[in-house]
Amino acid sequence: PEALPLDLTAGGTVPPSAAPDALRNWKDGDPAASELAASPAGREILAARTAQTDAWANAHAALQTCVPYGQFAWAMEAVNSRAFRGDFGAAGVDGKAVSLP
């Protein structure tokens with residue numbers, strides 16, 4: 001696979017990945033990537049990885065934030081790996097906090 005545009009762990013403390021074996025966390029030169037590159041479907045997957053990495057890097061740059069890219073990528077991974085449903089307002093009845101089931 002191509003080199004990532006930014007070091008995913010650069011700047012600040014980054015919590016452990018929720019999916020350490022996910023394709024987005026593979027290091028350059030990973031033998032599994034070479035196996036993927038041997039087939040058309042695998043090359044499509046690697047291209048999707050590159051597209052996602054580029055999209056996240058561009059989104060981070062567009063935010064003009066002081067949040068380090070490693071923390072931004074961790075948050076994007078967390079959001080992308082979960083399904084969210086419902087009203088996420090902080091206050092419930094009488095202004096008390098709502099606990100999610």
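- From D30, atom CG reaches atom CD of E35 across 9.0 Å, with rounding to the nearest 0.5 Å.
- Atom-to-atom distance recorded for T50:OG1 and I45:CD1 is 12.0 Å, nearest 0.5 angstrom.
- The main-chain N or O of P16 is found under 3.5 Å from a side-chain atom of W74 such that the two form a donor-acceptor pair.
- Atoms CG and CZ, from D54 and R49 in turn, are 10.5 Å apart once rounded to the nearest 0.5 Å.
- You'll find the side chain of W26 reaches within 4.5 Å of the side chain of L36, heavy atoms only.
- Here OG of S39 is found 8.5 Å from CG of L46. Values are rounded to the nearest 0.5 Å.
- Among all heavy-atom pairs drawn from A59 and F72, the shortest one is CB-CZ, 3.9 Å.
- Within the model, atoms CD of E77 and CD of Q52 stand 9.0 Å from one another, a figure rounded to the nearest 0.5 Å.
- Between the H60 side chain and the V67 main chain, a donor and an acceptor come within less than 3.5 Å of each other.
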